[in-house]
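First the proteins, then the strands, lettered A, B, ... as listed; each starts at 1. Note that the structure is predicted; figures quoted are calculated from it, not measured.
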2 protein chains.
Amino acid sequence: MTPDDFQLSTFLPYRLAVLTERVSRRLAVEYGRTHGLAVAEWRVLVHLLRCGAVSIRDIHTCVSLEKPRVSRAVTRLEAEGLVAKTAGSGDGRLVSISLTTAGRRALADIIPEATRLERQLTDAVSPDELAIFYRVMERMHAVLDSDPEAKPRTPMDLERLEA
Amino acid sequence: MTPDDFQLSTFLPYRLAVLTERVSRRLAVEYGRTHGLAVAEWRVLVHLLRCGAVSIRDIHTCVSLEKPRVSRAVTRLEAEGLVAKTAGSGDGRLVSISLTTAGRRALADIIPEATRLERQLTDAVSPDELAIFYRVMERMHAVLDSDPEAKPRTPMDLERLEA
DNA sequence: CCAAACTCGTTGCATTTGAAATGATATTGA
DNA sequence: TCAATATCATTTCAAATGCAACGAGTTTGG
């Protein structure tokens with residue numbers, strides 16, 4: 001391929017970026033409209049649903065968000081009463097974050113909508129195609145895993161493979 | 001699926017976001033290290049290579065970037081001598097933007113690296129799988145195309161389908 | 001012909017962002 | 001024991017972002 005043939009609209013990173021942004025924004029309509037959440041806040045809430053009382057660091061390493069971003073997301077969520085921050089009982093540096101009843105309620109509202117959107121997208125292809133789609137994504141991750149210039153995957157995204 | 005079973009790491013929008021960000025950052029290492037470019041600047045340069053002298057608006061509608069972002073990217077690129085801004089000859093509102101020789105040289109440096117990264121990723125799967133991967137992406141776009149809450153695709157991303 | 005409506009590119013402004021620094025607490029090792 | 005080092009969460013700060021507003025130019029319709 002000579003440089004002159006290079007085309008943005010068929011370039012894999014660009015195509016990924018365009019689809020992701022579109023999906024992401026469409027999803028944000030759901031959790032933004034109903035509860036005024038941003039993506040970081042949404043991720044934190046979902047993580048808490050799974051993992052109970054955890055630290056900022058734990059969220060950071062699990063949901064692909066920078067530490068300050070998690071910290072600020074938690075601050076906002078606390079202000080809105082969706083999570084509770086408690087000083088960790090053991091290690092004095094840690095902050096224990098957990099869902100409140102209101103937080104659980106918010107998730108109960110949003111998750112069905114999120115799942116519905118996901119199903120809309122996945123129902124457009126056959127199960128076989130979808131399986132291949134995910135396999136391809138995984139292979140691309142694997143390429144990056146062995147690339148020293150690439151950022152490592154979060155432990156949780158890796159862990160899923162072993163299950 | 002009850003809300004309690006919901007898991008971020010298998011949620012399609014999240015998975016897309018994680019892979020995209022990883023690929024994107026890895027790519028940014030290439031054009032950042034060698035020429036100090038950001039993603040908007042990279043996209044603008046590539047678009048210019050294809051489309052010659054065009055307006056800000058044209059770039060905006062082609063490469064999935066907000067208008068102010070294009071405007072500022074062009075300003076920076078001009079400051080670095082990679083593009084030239086000329087008052088359009090006809091319509092006095094339009095600005096004609098085109099690559100300089102230095103801009104072309106920069107692309108000649110970067111495009112092979114970008115292509116190499118893309119190939120690394122795509123070579124990890126069979127051509128059949130890759131074709132399905134792209135087909136699935138296209139189907140998901142199609143779902144969003146008929147969703148009034150979703151942002152429309154750029155004309156150029158659509159146009160590619162007809163070719 | 002000219003006023004209203006539209007389009008273009010830029011800028012203002014408030015918010016978000018991430019890297020690095022900070023302050024507080026824990027752990028380590030001499 | 002206690003200094004040196006490491007880890008945790010937050011904050012600082014500069015840069016990026018996106019929406020809306022703006023000034024300049026153009027088109028439209030009466």
Checklist entry - Of the nucleotides C:dT16, C:dG18, D:dA9, which has the atom closest to the A:R76 side chain? => result C:dT16
Checklist entry - Between B:K151 and D:dG18, does any side-chain N or O lie under 4.0 Å from OP1 or OP2? => result no
Checklist entry - Which sits closer to the 5' end of DNA chain C, A:P68 or B:K67, going by the nucleotide each is nearest to? => result B:K67
Checklist entry - Looking only at side-chain N and O atoms, does A:S55 come under 4.0 Å of OP1 or OP2 in D:dC8? => result no
Checklist outcome for this item: Walking DNA chain D from its 5' end, the first of A:R25 and A:T75 to be reached, judged by nearest nucleotide, is A:T75
Checklist entry - Considering only heavy atoms and no angle criterion, is a donor-acceptor pair shorter than 3.5 Å present between the side chain of B:R72 and the base of D:dG18? => result yes
Checklist entry - Would you call B:R104 and B:L107 a side-chain contact if the rule is heavy atoms closer than 4.5 Å? => result no
Checklist entry - Looking at C:dT17, does its base get a donor-acceptor pair with the side chain of A:R69 below 3.5 Å? => result no
Checklist entry - Quick one: is C:dT10 close enough that its OP1 or OP2 comes under 4.0 Å of any side-chain N or O from B:S71? => result yes
Checklist outcome for this item: Per atom distances to the B:R93 side chain, the nearest of D:dA24, C:dT25, C:dG18 is D:dA24
Checklist entry - Charged N to carboxylate O under 4.0 angstrom, B:D145 versus A:R22? => result yes
Checklist entry - Taking atom P of C:dT16 as reference, at what distance in whole Å does atom CG of A:L65 sit? => result 14 Å
